[in-house]
Q: 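Next up is a structure, given as C-alpha coordinates.
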Amino acid sequence: MANETKKFRVGIIGCGWIAGAHLNSLLKQPDVEVVAGCDLVPGKAAKFFADHGVEGVKTDYKDHLEMLADKSLELDAVNICTYNRQHANCAIDALNAGLHVMLEKPMCVTTEEAIEIMRAEKKSGKVLSIGFQPRMDPNMKKIKQIVDSGVLGRIYYIQTGGGRRRGIPTPFGTTFIENKTAGLGALGDIGCYSLDLVLNAIGYPKPLTVSGYKSAYFGTRPDYYPTHPEYADLFEVDDFAAAFVRLEGDIILDFRIAWAMNMDTPGDTIIMGTNASLRVPSTECWNGTLDQPLKIYHEIAGSMVETVIPKIKTDFDLFDKKIRTFVDACKNGTEAPVPSSQILYNQAILDGICKSAELGREIKIEIPEI
(Lines give C-alpha, C1' and ligand atoms only; values in the text may rest on other atoms or scores of the structure.)
Protein backbone atom coordinates (compact mmCIF):
# COMPACT_ATOMS: atom_id res chain seq x y z
CA MET A 1 0.00 0.00 0.00
CA ALA A 2 1.12 3.55 -0.65
CA ASN A 3 2.60 5.39 2.34
CA GLU A 4 1.01 8.85 2.45
CA THR A 5 3.06 10.15 5.39
CA LYS A 6 6.04 11.25 3.27
CA LYS A 7 5.83 12.58 -0.23
CA PHE A 8 8.15 10.93 -2.77
CA ARG A 9 9.69 13.83 -4.71
CA VAL A 10 10.08 13.40 -8.46
CA GLY A 11 11.51 15.42 -11.32
CA ILE A 12 10.81 14.84 -15.02
CA ILE A 13 13.62 15.05 -17.57
CA GLY A 14 12.29 15.66 -21.06
CA CYS A 15 8.84 17.22 -21.43
CA GLY A 16 7.58 15.80 -24.71
CA TRP A 17 4.64 13.57 -25.55
CA ILE A 18 5.49 10.50 -23.42
CA ALA A 19 6.17 12.74 -20.41
CA GLY A 20 2.45 13.48 -20.33
CA ALA A 21 1.67 9.83 -19.62
CA HIS A 22 4.28 9.80 -16.85
CA LEU A 23 2.94 13.00 -15.31
CA ASN A 24 -0.67 11.82 -15.36
CA SER A 25 0.29 8.59 -13.58
CA LEU A 26 2.53 10.35 -11.08
CA LEU A 27 -0.28 12.73 -10.17
CA LYS A 28 -2.53 9.77 -9.32
CA GLN A 29 -0.11 8.53 -6.65
CA PRO A 30 -1.12 9.98 -3.25
CA ASP A 31 2.41 9.76 -1.86
CA VAL A 32 4.18 11.34 -4.85
CA GLU A 33 4.88 14.99 -5.57
CA VAL A 34 6.23 16.21 -8.92
CA VAL A 35 8.47 19.13 -7.98
CA ALA A 36 10.59 19.85 -11.06
CA GLY A 37 10.92 19.40 -14.78
CA CYS A 38 13.39 20.32 -17.48
CA ASP A 39 13.84 20.21 -21.24
CA LEU A 40 16.55 21.30 -23.64
CA VAL A 41 14.04 23.47 -25.50
CA PRO A 42 13.70 26.80 -23.63
CA GLY A 43 10.22 27.30 -22.19
CA LYS A 44 9.03 23.81 -23.11
CA ALA A 45 8.97 22.47 -19.54
CA ALA A 46 7.01 25.43 -18.22
CA LYS A 47 4.47 25.14 -21.04
CA PHE A 48 4.21 21.38 -20.49
CA PHE A 49 3.14 21.73 -16.86
CA ALA A 50 0.89 24.68 -17.63
CA ASP A 51 -0.86 22.70 -20.35
CA HIS A 52 -1.47 19.91 -17.83
CA GLY A 53 -2.79 22.33 -15.22
CA VAL A 54 0.01 21.60 -12.76
CA GLU A 55 1.24 24.53 -10.68
CA GLY A 56 4.21 25.01 -8.38
CA VAL A 57 6.68 22.92 -10.39
CA LYS A 58 10.14 24.42 -10.79
CA THR A 59 11.20 24.48 -14.45
CA ASP A 60 13.80 27.25 -14.87
CA TYR A 61 16.67 24.95 -15.83
CA LYS A 62 18.72 25.02 -19.01
CA ASP A 63 19.27 21.25 -18.89
CA HIS A 64 19.00 18.17 -16.68
CA LEU A 65 22.39 18.76 -15.04
CA GLU A 66 21.23 22.09 -13.66
CA MET A 67 18.08 20.47 -12.28
CA LEU A 68 20.03 17.60 -10.71
CA ALA A 69 22.36 20.11 -9.05
CA ASP A 70 19.47 21.95 -7.38
CA LYS A 71 19.66 20.55 -3.84
CA SER A 72 16.66 22.63 -2.74
CA LEU A 73 14.43 20.21 -4.65
CA GLU A 74 15.31 17.29 -2.37
CA LEU A 75 14.58 14.90 -5.22
CA ASP A 76 14.11 11.20 -4.61
CA ALA A 77 13.83 10.13 -8.25
CA VAL A 78 13.59 11.27 -11.84
CA ASN A 79 11.50 9.99 -14.71
CA ILE A 80 13.51 10.18 -17.93
CA CYS A 81 11.28 10.89 -20.93
CA THR A 82 13.77 12.26 -23.44
CA TYR A 83 14.41 10.99 -26.96
CA ASN A 84 16.50 7.81 -27.21
CA ARG A 85 19.90 9.42 -27.74
CA GLN A 86 19.65 11.23 -24.39
CA HIS A 87 18.59 8.22 -22.32
CA ALA A 88 22.07 7.07 -21.37
CA ASN A 89 23.68 10.32 -20.27
CA CYS A 90 20.56 11.47 -18.37
CA ALA A 91 20.28 8.14 -16.55
CA ILE A 92 23.96 8.04 -15.69
CA ASP A 93 23.95 11.61 -14.40
CA ALA A 94 20.83 11.01 -12.30
CA LEU A 95 22.22 7.81 -10.77
CA ASN A 96 25.53 9.55 -10.05
CA ALA A 97 23.50 12.24 -8.29
CA GLY A 98 22.09 9.56 -5.98
CA LEU A 99 18.60 9.38 -7.43
CA HIS A 100 16.31 6.53 -8.36
CA VAL A 101 15.52 6.38 -12.07
CA MET A 102 12.47 5.43 -14.09
CA LEU A 103 13.88 5.24 -17.64
CA GLU A 104 11.54 5.10 -20.60
CA LYS A 105 12.09 2.40 -23.18
CA PRO A 106 14.20 1.63 -25.10
CA MET A 107 16.86 1.57 -22.41
CA CYS A 108 19.20 3.45 -24.74
CA VAL A 109 20.66 2.99 -28.25
CA THR A 110 23.78 0.83 -27.96
CA THR A 111 25.01 -2.04 -25.81
CA GLU A 112 27.93 0.09 -24.69
CA GLU A 113 25.55 2.74 -23.36
CA ALA A 114 23.55 0.10 -21.49
CA ILE A 115 26.72 -1.15 -19.82
CA GLU A 116 27.65 2.35 -18.68
CA ILE A 117 24.15 2.92 -17.29
CA MET A 118 24.34 -0.31 -15.32
CA ARG A 119 27.77 0.55 -13.95
CA ALA A 120 26.37 3.82 -12.65
CA GLU A 121 23.39 1.94 -11.22
CA LYS A 122 25.64 -0.55 -9.43
CA LYS A 123 27.78 2.24 -7.99
CA SER A 124 24.76 4.25 -6.82
CA GLY A 125 22.80 1.43 -5.19
CA LYS A 126 19.62 3.10 -6.42
CA VAL A 127 16.61 1.60 -8.21
CA LEU A 128 16.69 1.74 -12.01
CA SER A 129 13.59 0.44 -13.77
CA ILE A 130 12.94 0.44 -17.51
CA GLY A 131 9.56 1.51 -18.88
CA PHE A 132 7.93 -1.72 -20.02
CA GLN A 133 4.35 -1.42 -18.73
CA PRO A 134 3.13 -4.63 -20.49
CA ARG A 135 4.98 -6.51 -17.74
CA MET A 136 2.20 -5.36 -15.40
CA ASP A 137 -0.58 -6.94 -17.48
CA PRO A 138 -1.98 -10.26 -16.14
CA ASN A 139 -2.37 -11.56 -19.70
CA MET A 140 1.31 -10.98 -20.36
CA LYS A 141 2.12 -12.54 -16.99
CA LYS A 142 0.05 -15.57 -18.00
CA ILE A 143 2.44 -16.22 -20.90
CA LYS A 144 5.34 -16.49 -18.48
CA GLN A 145 3.26 -18.62 -16.11
CA ILE A 146 2.51 -21.06 -18.94
CA VAL A 147 6.19 -21.35 -19.82
CA ASP A 148 7.24 -21.68 -16.16
CA SER A 149 4.65 -24.41 -15.59
CA GLY A 150 6.59 -26.71 -17.89
CA VAL A 151 3.55 -27.62 -19.97
CA LEU A 152 5.39 -26.64 -23.18
CA GLY A 153 8.39 -28.79 -22.43
CA ARG A 154 11.79 -27.58 -23.61
CA ILE A 155 11.53 -24.34 -25.60
CA TYR A 156 13.48 -24.49 -28.87
CA TYR A 157 11.99 -21.93 -31.28
CA ILE A 158 10.29 -18.56 -30.90
CA GLN A 159 8.71 -16.34 -33.52
CA THR A 160 7.80 -12.80 -32.51
CA GLY A 161 7.30 -9.31 -33.82
CA GLY A 162 4.50 -7.06 -34.90
CA GLY A 163 3.89 -3.69 -36.40
CA ARG A 164 1.60 -1.25 -38.09
CA ARG A 165 0.44 -1.18 -41.68
CA ARG A 166 1.02 2.58 -41.64
CA GLY A 167 2.33 3.98 -38.39
CA ILE A 168 5.55 5.98 -38.54
CA PRO A 169 5.17 8.27 -35.48
CA THR A 170 5.71 11.62 -37.18
CA PRO A 171 2.55 13.17 -35.67
CA PHE A 172 4.87 13.75 -32.69
CA GLY A 173 7.46 15.59 -34.80
CA THR A 174 10.71 14.28 -36.23
CA THR A 175 12.55 13.13 -33.09
CA PHE A 176 11.46 9.52 -33.78
CA ILE A 177 12.92 9.49 -37.30
CA GLU A 178 16.20 11.41 -37.12
CA ASN A 179 19.35 9.54 -36.17
CA LYS A 180 20.66 12.37 -33.99
CA THR A 181 17.66 12.03 -31.66
CA ALA A 182 16.26 8.50 -32.11
CA GLY A 183 19.19 6.29 -33.08
CA LEU A 184 16.70 3.45 -33.49
CA GLY A 185 13.41 3.45 -35.39
CA ALA A 186 10.76 0.74 -35.22
CA LEU A 187 13.33 -1.44 -33.45
CA GLY A 188 13.56 0.86 -30.43
CA ASP A 189 10.00 2.15 -30.44
CA ILE A 190 8.01 -1.10 -30.59
CA GLY A 191 10.52 -3.86 -31.32
CA CYS A 192 11.81 -3.75 -27.76
CA TYR A 193 8.29 -4.55 -26.51
CA SER A 194 7.87 -7.71 -28.58
CA LEU A 195 11.34 -8.87 -27.57
CA ASP A 196 10.57 -8.32 -23.90
CA LEU A 197 7.33 -10.29 -24.24
CA VAL A 198 9.10 -13.50 -25.19
CA LEU A 199 12.46 -13.04 -23.49
CA ASN A 200 10.80 -12.35 -20.14
CA ALA A 201 8.56 -15.38 -20.61
CA ILE A 202 11.52 -17.72 -21.06
CA GLY A 203 13.75 -16.20 -18.38
CA TYR A 204 15.83 -13.82 -20.48
CA PRO A 205 18.53 -16.20 -21.79
CA LYS A 206 21.71 -14.58 -23.01
CA PRO A 207 21.79 -13.74 -26.75
CA LEU A 208 24.77 -15.29 -28.51
CA THR A 209 24.64 -14.36 -32.20
CA VAL A 210 22.41 -12.33 -34.49
CA SER A 211 21.88 -12.00 -38.22
CA GLY A 212 19.96 -8.78 -38.72
CA TYR A 213 18.27 -6.84 -41.48
CA LYS A 214 16.71 -3.38 -41.55
CA SER A 215 15.18 -1.16 -44.21
CA ALA A 216 13.46 2.21 -44.71
CA TYR A 217 11.36 1.85 -47.84
CA PHE A 218 8.38 3.78 -46.45
CA GLY A 219 9.96 6.44 -44.28
CA THR A 220 12.08 7.80 -47.11
CA ARG A 221 9.10 8.27 -49.49
CA PRO A 222 7.82 11.87 -49.73
CA ASP A 223 4.32 10.60 -50.61
CA TYR A 224 4.14 8.84 -47.21
CA TYR A 225 3.76 12.29 -45.62
CA PRO A 226 1.05 14.18 -47.57
CA THR A 227 1.36 17.28 -45.41
CA HIS A 228 5.09 17.08 -44.67
CA PRO A 229 6.92 15.54 -47.67
CA GLU A 230 10.15 17.07 -46.37
CA TYR A 231 10.16 14.43 -43.61
CA ALA A 232 11.37 11.88 -46.18
CA ASP A 233 14.74 13.66 -46.33
CA LEU A 234 15.00 13.59 -42.54
CA PHE A 235 14.21 9.87 -42.15
CA GLU A 236 17.43 8.13 -41.04
CA VAL A 237 16.32 5.10 -39.01
CA ASP A 238 14.61 1.75 -39.67
CA ASP A 239 10.91 1.41 -40.48
CA PHE A 240 11.27 -2.38 -40.77
CA ALA A 241 13.71 -4.83 -39.21
CA ALA A 242 14.10 -8.58 -38.96
CA ALA A 243 16.58 -10.92 -37.32
CA PHE A 244 17.55 -14.50 -36.61
CA VAL A 245 18.94 -14.69 -33.07
CA ARG A 246 20.59 -17.62 -31.32
CA LEU A 247 19.98 -17.65 -27.57
CA GLU A 248 21.67 -19.55 -24.77
CA GLY A 249 20.00 -22.92 -24.23
CA ASP A 250 19.88 -23.74 -27.96
CA ILE A 251 16.84 -21.52 -28.55
CA ILE A 252 16.21 -19.80 -31.87
CA LEU A 253 14.45 -16.41 -31.99
CA ASP A 254 12.88 -15.37 -35.30
CA PHE A 255 11.99 -11.67 -35.09
CA ARG A 256 10.43 -8.98 -37.29
CA ILE A 257 8.99 -5.51 -36.59
CA ALA A 258 7.49 -2.73 -38.72
CA TRP A 259 6.36 0.87 -38.51
CA ALA A 260 4.96 0.51 -42.01
CA MET A 261 4.38 -2.43 -44.36
CA ASN A 262 2.04 -3.70 -47.03
CA MET A 263 0.60 -6.30 -44.65
CA ASP A 264 -1.77 -6.36 -41.70
CA THR A 265 0.68 -8.28 -39.49
CA PRO A 266 4.04 -10.01 -39.88
CA GLY A 267 2.65 -12.90 -37.84
CA ASP A 268 1.59 -14.07 -34.41
CA THR A 269 4.04 -14.72 -31.62
CA ILE A 270 4.74 -18.45 -31.28
CA ILE A 271 6.65 -20.21 -28.53
CA MET A 272 7.37 -23.78 -29.61
CA GLY A 273 8.19 -26.52 -27.10
CA THR A 274 8.81 -30.23 -27.19
CA ASN A 275 5.51 -31.02 -25.43
CA ALA A 276 3.29 -28.16 -26.63
CA SER A 277 3.39 -24.77 -28.33
CA LEU A 278 1.81 -21.45 -27.43
CA ARG A 279 0.29 -18.96 -29.86
CA VAL A 280 0.00 -15.30 -28.84
CA PRO A 281 -2.16 -13.37 -31.34
CA SER A 282 -0.34 -10.44 -32.90
CA THR A 283 -0.92 -6.84 -31.85
CA GLU A 284 0.37 -3.67 -33.47
CA CYS A 285 2.74 -2.50 -30.77
CA TRP A 286 2.81 -4.93 -27.81
CA ASN A 287 2.70 -1.88 -25.54
CA GLY A 288 -0.39 -2.89 -23.59
CA THR A 289 -2.48 -5.99 -23.20
CA LEU A 290 -3.58 -8.71 -25.64
CA ASP A 291 -6.45 -8.37 -28.09
CA GLN A 292 -7.38 -12.07 -28.20
CA PRO A 293 -7.02 -15.21 -26.06
CA LEU A 294 -3.90 -17.36 -25.93
CA LYS A 295 -3.97 -20.86 -27.38
CA ILE A 296 -1.90 -23.92 -26.49
CA TYR A 297 -1.43 -26.66 -29.12
CA HIS A 298 -0.70 -30.08 -27.62
CA GLU A 299 -1.57 -33.77 -27.63
CA ILE A 300 -3.77 -35.77 -25.26
CA ALA A 301 -3.99 -39.57 -25.51
CA GLY A 302 -2.90 -39.46 -29.15
CA SER A 303 -5.29 -36.69 -30.16
CA MET A 304 -4.15 -33.26 -31.38
CA VAL A 305 -5.99 -30.66 -29.28
CA GLU A 306 -6.01 -26.93 -28.59
CA THR A 307 -6.57 -25.29 -25.23
CA VAL A 308 -7.83 -21.72 -25.19
CA ILE A 309 -6.65 -19.53 -22.32
CA PRO A 310 -9.39 -16.91 -21.81
CA LYS A 311 -8.37 -13.28 -21.78
CA ILE A 312 -8.12 -11.82 -18.28
CA LYS A 313 -10.06 -8.61 -17.75
CA THR A 314 -8.38 -5.83 -15.81
CA ASP A 315 -9.68 -2.68 -14.15
CA PHE A 316 -6.39 -0.79 -13.80
CA ASP A 317 -4.19 1.27 -16.10
CA LEU A 318 -0.88 -0.41 -17.02
CA PHE A 319 1.03 2.86 -17.08
CA ASP A 320 -0.24 3.69 -13.59
CA LYS A 321 0.88 0.27 -12.41
CA LYS A 322 4.31 0.82 -13.95
CA ILE A 323 4.76 4.03 -11.98
CA ARG A 324 3.29 2.60 -8.76
CA THR A 325 5.55 -0.47 -8.74
CA PHE A 326 8.58 1.74 -9.37
CA VAL A 327 7.73 4.05 -6.48
CA ASP A 328 7.12 1.08 -4.18
CA ALA A 329 10.48 -0.46 -5.11
CA CYS A 330 12.26 2.82 -4.34
CA LYS A 331 10.51 3.30 -1.01
CA ASN A 332 10.81 -0.32 0.10
CA GLY A 333 14.33 -0.98 -1.16
CA THR A 334 13.20 -3.90 -3.32
CA GLU A 335 14.22 -4.97 -6.82
CA ALA A 336 13.25 -2.86 -9.80
CA PRO A 337 10.00 -4.02 -11.45
CA VAL A 338 11.82 -4.23 -14.81
CA PRO A 339 15.51 -4.70 -13.95
CA SER A 340 18.31 -3.47 -16.19
CA SER A 341 20.03 -6.86 -15.90
CA GLN A 342 17.31 -8.26 -18.14
CA ILE A 343 16.83 -5.31 -20.48
CA LEU A 344 20.58 -5.32 -21.17
CA TYR A 345 19.97 -8.45 -23.28
CA ASN A 346 17.04 -6.77 -25.01
CA GLN A 347 19.27 -3.81 -25.85
CA ALA A 348 22.12 -6.05 -27.01
CA ILE A 349 19.77 -7.70 -29.51
CA LEU A 350 18.50 -4.36 -30.85
CA ASP A 351 22.05 -3.06 -31.18
CA GLY A 352 23.22 -6.37 -32.65
CA ILE A 353 20.53 -6.24 -35.33
CA CYS A 354 21.72 -2.79 -36.39
CA LYS A 355 25.39 -3.75 -36.44
CA SER A 356 24.72 -7.00 -38.29
CA ALA A 357 22.54 -5.23 -40.85
CA GLU A 358 25.26 -2.69 -41.51
CA LEU A 359 27.90 -5.41 -41.93
CA GLY A 360 25.63 -7.69 -43.96
CA ARG A 361 26.51 -10.79 -41.94
CA GLU A 362 25.89 -12.63 -38.68
CA ILE A 363 27.77 -11.27 -35.69
CA LYS A 364 28.57 -12.51 -32.21
CA ILE A 365 26.93 -10.55 -29.40
CA GLU A 366 29.57 -9.47 -26.90
CA ILE A 367 28.41 -8.39 -23.44
CA PRO A 368 31.22 -7.42 -21.01
CA GLU A 369 31.11 -7.97 -17.27
CA ILE A 370 29.73 -5.12 -15.21
Side-chain angles (χ1 to χ4, degrees), residues 11-26 37-54 57 59 61-64 67 78-91 102-110 113 130-131 133 163-193 214-241 257-261 284-288 319 350 354:
I12 295 178
I13 300 177
C15 295
W17 170 74
I18 195 62
H22 280 258
L23 177 61
N24 289 336
S25 288
L26 287 165
C38 62
D39 197 283
L40 290 174
V41 179
K44 187 175 179 180
K47 184 178 185 303
F48 168 77
F49 287 103
D51 288 347
H52 284 81
V54 181
V57 177
T59 61
Y61 305 103
K62 66 180 180 181
D63 56 26
H64 72 283
M67 188 183 83
V78 293
N79 285 39
I80 298 176
C81 306
T82 65
Y83 47 76
N84 301 344
R85 286 284 187 192
Q86 287 293 315
H87 281 192
N89 68 308
C90 289
M102 163 55 70
L103 178 58
E104 251 308 321
K105 61 80 200 168
M107 184 177 182
C108 47
V109 176
T110 69
E113 288 177 338
I130 318 301
Q133 66 271 9
R164 311 167 182 140
R165 192 165 182 173
R166 295 290 186 274
I168 298 173
T170 45
F172 307 110
T174 61
T175 55
F176 278 91
I177 66 173
E178 294 187 77
N179 184 52
K180 67 181 180 182
T181 50
L184 301 167
L187 275 170
D189 182 34
I190 54 178
C192 62
Y193 279 132
K214 60 179 182 175
S215 60
Y217 290 117
F218 293 84
T220 53
R221 283 170 35 185
D223 65 331
Y224 185 90
Y225 317 96
T227 59
H228 292 282
E230 70 276 12
Y231 284 179
D233 293 329
L234 298 175
F235 197 95
E236 300 171 309
V237 293
D238 56 279
D239 59 30
F240 176 80
I257 200 74
W259 263 346
M261 57 184 168
E284 284 191 347
C285 303
W286 297 113
N287 62 352
F319 217 98
L350 297 176
C354 291

Q: Answer yes or no: is there a side-chain heavy-atom contact under 4.5 Å between W259 and F176?
A: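 SC-SC contact between W259 and F176 confirmed.
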Q: Hey, what do you get for CZ (F235) to CZ (R221), rounding to the nearest 0.5 Å?
A: 11.5 Å
Q: Could you report the tightest heavy-atom contact between G37 and Y61, atom names first, then the distance?
A: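 What the structure gives for the nearest pair is O-CD1, 3.8 Å.
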Q: How many angstroms lie between atom CG of N79 and atom CG of L26, to the nearest 0.5 angstrom?
A: 5.0 Å
Q: Are the side chain of R164 and the backbone of A258 linked by a donor-acceptor contact shorter than 3.5 Å?
A: no
Q: Less than 4.5 Å apart, any side-chain heavy atom of Y225 and any of I168?
A: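 Heavy-atom side-chain distance check passes, below 4.5 Å.
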Q: So which heavy atom on R85 is nearest to which on K180, and how close?
A: CG-O, 3.2 Å
Q: Can you confirm whether the side chains of E104 and H22 place a donor and an acceptor under 3.5 Å from each other?
A: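 Result is yes, a qualifying pair exists.
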Q: Do side-chain atoms of D39 reach the backbone of C15 as a donor and acceptor pair under 3.5 angstrom?
A: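 Present.
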Q: Does the D238 side chain pair with the main chain of G185, one donor and one acceptor, at a distance under 3.5 Å?
A: yes
Q: Any side-chain heavy atom of I13 sitting closer than 4.5 Å to one from Q86?
A: no
Q: Looking at side-chain heavy atoms only, is the closest gap between F48 and T59 below 4.5 Å?
A: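 F48 does not reach T59 side chain to side chain.
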Q: To the nearest 0.5 Å, tell me how far T110 OG1 sits from N84 CG.
A: 11.5 Å
Q: Could you tell me which non-hydrogen atom of A88 sits nearest to which non-hydrogen atom of C108, and how far apart they are?
A: CB-CB, 4.3 Å
Q: From I18 CD1 over to I80 CD1, what is the distance, rounded to the nearest 0.5 angstrom?
A: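 Interatomic distance, I18 CD1 to I80 CD1, rounded to 0.5 Å: 14.0 Å.
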Q: Just wondering, do N287 and K105 contact through their side chains at under 4.5 Å, heavy atoms?
A: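 In short, these two side chains do not touch, never coming nearer than 4.5 Å.
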Q: Should we say atom OH of Y217 is surrounded by more than 12 heavy atoms from elsewhere, each under 6.0 Å from it?
A: no
Q: Can I12 and V57 be said to form a side chain to side chain contact (heavy atoms under 4.5 Å, CB included), step by step?
A: CA-CA 10 Å; I12 295 178; V57 177; over 6 Å; no
Q: Just so I know, are the side chains of L23 and F49 near enough to count as touching, which here means a heavy-atom distance under 4.5 Å?
A: yes
Q: Using 0.5 Å steps for rounding, measure from the OG1 atom of T220 to the OH atom of Y231.
A: 16.0 Å
Q: If I compare all heavy atoms of G14 with all of A19, which pair ends up nearest, and what's the gap?
A: O-CB, 3.3 Å
Q: Starting from the C-alpha separation in whole Å, work towards a yes-or-no answer on side chain to side chain contact (heavy atoms under 4.5 Å, CB included) for L40 and D63.
A: CA-CA 5 Å; L40 290 174; D63 56 26; 3.9 Å; yes
Q: Do V109 and H87 come within less than 4.5 Å of each other through their side chains, counting heavy atoms only?
A: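 Side-chain contact under 4.5 Å: no.
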Q: Measure across M67 and C38 and return the closest heavy-atom pair with its distance rounded to 0.1 Å.
A: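 That would be SD-SG, 3.8 Å.
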Q: Decide yes or no on side chain to side chain contact (heavy atoms under 4.5 Å, CB included) for T170 and F172, but give the supporting numbers first.
A: CA-CA 5 Å; T170 45; F172 307 110; over 6 Å; no
Q: Which value, rounded to the nearest 0.5 Å, describes the distance between E284 atom CD and R165 atom CZ?
A: 11.0 Å
Q: Is D239 salt-bridged to K214, going by a charged N under 4.0 Å from an acidic O?
A: no
Q: Minimum heavy-atom separation for L187 to C354, with atom names?
A: CD1-SG, 3.7 Å
Q: Do H64 and N89 have side chains that get closer than 4.5 Å, going by heavy atoms?
A: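 Answer yes - side chains close enough.
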Q: Hey, which of T174, T175, T181 is the one that makes side-chain hydrogen bond (donor to acceptor under 3.5 Å, both in side chains) with E178?
A: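 By the side-chain hydrogen bond (donor to acceptor under 3.5 Å, both in side chains) criterion, E178 pairs with just one of T174, T175, T181: T174.
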